[in-house]
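Taking it in order: structure first as structure tokens, then the write-up.
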Amino acid sequence: MKVFNIAKADKNEIMTEVFKSRAIAVGSPTVSNSILSSVAGWMEFLKQLKFKNKKAAAFGCYGWSGESVKILQEQLKGAGFDVIDENIRSQWNPEEEDFAGIPALVTALIGEEEAEDEEENDSDGKSAKYQCGPCGYIYDPEKGDPDSDIAPGTAFEDLPDDWCCPVCGVSKDMFEKVK
Ligand code: FE
């Protein structure tokens with residue numbers, strides 16, 4: 001799962017990820033009975049690209065009236081997305097009870113199995129072990145690599161680019177994730 005701030009991120013980069021994804025969730029606060037202009041502009045771009053066979057969900061917050069979610073859902077439909085009914089609408093700032101609706105939304109969006117996979121990935125993402133292709137050495141984030149001044153608890157992804165296998169000396173890109 002990837003998260004982007006539409007107002008700040010490169011719009012083309014977000015679209016590349018939308019292209020690669022099966023489902024997206026778009027959020028916006030309600031501003032003057034509408035959505036944020038940055039989101040509106042991005043939605044117009046999204047429509048032009050005519051994506052097909054992708055699911056979408058909307059979420060947002062509001063003060064007095066909460067149109068943003070409905071507007072987002074309609075625009076996503078207009079852009080060719082299969083929009084699910086599940087959504088998250090919070091009044092003022094999101095609170096615990098609003099977050100409680102997230103698992104149901106994710107399941108509706110990507111299916112039960114995928115949702116579970118996503119959870120597992122999140123939990124072991126930083127603790128994944130990687131094995132060196134040529135020599136078989138396994139990098140274990142729990143231990144780190146004290147000989148190269150890598151502290152225990154350093155995820156493989158966070159190793160410096162010039163880090164290399166302490167046994168055979170090949171670079172990081174020769175390593176593969178251990179399943
Ligand atoms: Fe090696």
Side-chain angles (χ1 to χ4, degrees), residues 1-32 34-63 66-128 130 141 153-161 172-173 177 179:
M1 186 188 67
K2 292 200 174 170
V3 180
F4 292 98
N5 178 343
I6 291 178
K8 291 183 184 153
D10 179 81
K11 294 186 174 42
N12 290 307
E13 194 191 329
I14 310 179
M15 286 309 172
T16 308
E17 291 304 324
V18 172
F19 181 74
K20 289 194 270 182
S21 306
R22 282 197 292 131
I24 64 169
V26 183
S28 171
T30 304
V31 185
S32 306
S34 188
I35 58 175
L36 273 183
S37 59
S38 56
V39 179
W42 182 82
M43 292 291 291
E44 191 56 37
F45 185 17
L46 187 73
K47 204 161 138 190
Q48 291 163 5
L49 295 172
K50 298 190 168 60
F51 287 116
K52 284 199 180 78
N53 304 319
K54 291 182 191 295
K55 281 192 170 183
F59 61 95
C61 59
Y62 63 101
E67 284 91 348
S68 74
V69 166
K70 215 173 144 214
I71 294 170
L72 285 170
Q73 286 180 329
E74 272 162 23
Q75 293 199 356
L76 284 164
K77 272 179 204 159
F81 284 77
D82 176 12
V83 180
I84 60 168
D85 290 331
E86 284 80 358
N87 65 77
I88 293 169
R89 252 173 98 229
S90 15
Q91 187 167 23
W92 306 116
N93 289 323
E95 289 177 23
E96 283 301 317
E97 57 186 69
D98 299 309
F99 295 134
I102 295 174
L105 184 140
V106 173
T107 302
L109 205 50
I110 61 177
E112 202 133 346
E113 272 178 40
E114 298 268 339
E116 279 168 16
D117 286 353
E118 190 77 20
E119 238 173 65
E120 275 172 29
N121 285 343
D122 275 355
S123 62
D124 78 359
K126 291 270 166 186
S127 61
Y130 279 74
T154 306
F156 183 79
E157 289 81 0
D158 297 334
L159 289 171
D161 287 337
K172 266 181 89 176
D173 51 14
K177 197 171 180 174
K179 294 211 173 123

Side-chain polar contacts of residues 39-57 - donor-acceptor pairs under 3.5 angstrom, sequence neighbours left out - could you list them?
from	atom 1	to	atom 2	distance (Å)
Lys54	NZ	Val18	O	3.2
Lys54	NZ	Phe19	O	3.0
Lys54	NZ	Ser21	O	2.6
Lys55	NZ	Ala108	O	3.2

Excluding sequence neighbours, so at least two apart, what forms side-chain hydrogen bond (donor to acceptor under 3.5 Å, both in side chains) with [X]?
X      : value
Asp173 : Ser171
Thr154 : none
Glu86  : none

Does a sphere of radius 6.0 Å around CG in Asn5 hold more than 12 heavy atoms from other residues, nucleotides or ligands, not counting ones at 6.0 Å or beyond?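 Enclosed: over 12 neighbouring heavy atoms sit under 6.0 Å from CG of Asn5.
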Heavy-atom count around Asp85 CG within 6.0 Å, excluding the residue itself: above 12?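 Not buried by this count: 12 neighbours or fewer within 6.0 Å.
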In Å, rounded to the nearest 0.5 Å, how long is the span from [atom1] of [X] to [atom2] of [Y]?
X      : Y      : atom1 : atom2 : result
Thr30  : Tyr62  : OG1   : OH    : 8.5 Å
Leu105 : Phe99  : CG    : CZ    : 13.0 Å
Ile102 : Leu109 : CD1   : CG    : 12.0 Å
Leu36  : Ile6   : CG    : CD1   : 9.0 Å
Met1   : Ile24  : CE    : CD1   : 13.5 Å

Only pairs under 3.5 Å count here: list side-chain donor-acceptor contacts from residues 88-98, not counting sequence neighbours, and write none if there are none.
from	atom 1	to	atom 2	distance (Å)
Arg89	NE	Gly66	O	3.3
Gln91	NE2	Gly63	O	2.9
Asp98	OD2	Glu95	N	2.8

Quick one: list whatever passes salt bridge (Lys or Arg N to Asp or Glu O under 4.0 Å) with Glu17, sequence neighbours left out.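 Residues passing salt bridge (Lys or Arg N to Asp or Glu O under 4.0 Å) with Glu17: Lys2, Lys20.
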Is there a side-chain contact between Gln75 and Ile35, using heavy atoms and a 4.5 Å cut-off?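 Gln75 vs Ile35: side chains touch.
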Phe156 side chain reached by Lys177 side chain, heavy atoms, under 4.5 Å: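 Answer no - side chains too far apart.
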Let me see the working for Ser34 and Ile71 under side-chain contact (heavy atoms from CB on, under 4.5 Å), right down to the final yes or no. CA-CA 7 Å; Ser34 188; Ile71 294 170; 4.2 Å; yes
Would Ile14 and Phe4 satisfy side-chain contact (heavy atoms from CB on, under 4.5 Å), going step by step from the backbone distance to the final call? CA-CA 7 Å; Ile14 310 179; Phe4 292 98; 3.9 Å; yes
Minimum-distance pair of heavy atoms, taken over all atoms of Val26 and Leu72: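 Answer, listing the atom of Val26 first, then Leu72: O-CD1, 3.5 Å.
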Measure across Pro141 and Ala128 and return the closest heavy-atom pair with its distance rounded to 0.1 Å.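 Where Pro141 meets Ala128 most closely, the heavy atoms are CG-O, 3.1 Å.
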Sub-3.5 Å donor-acceptor pair from the side chain of Thr16 to the main-chain atoms of Asn12, do we have one?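 Yes: the side chain of Thr16 pairs with the backbone of Asn12.
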Does Ser68 use its side chain to pair, donor to acceptor, with the backbone of Ser28 at less than 3.5 Å?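 Yes.
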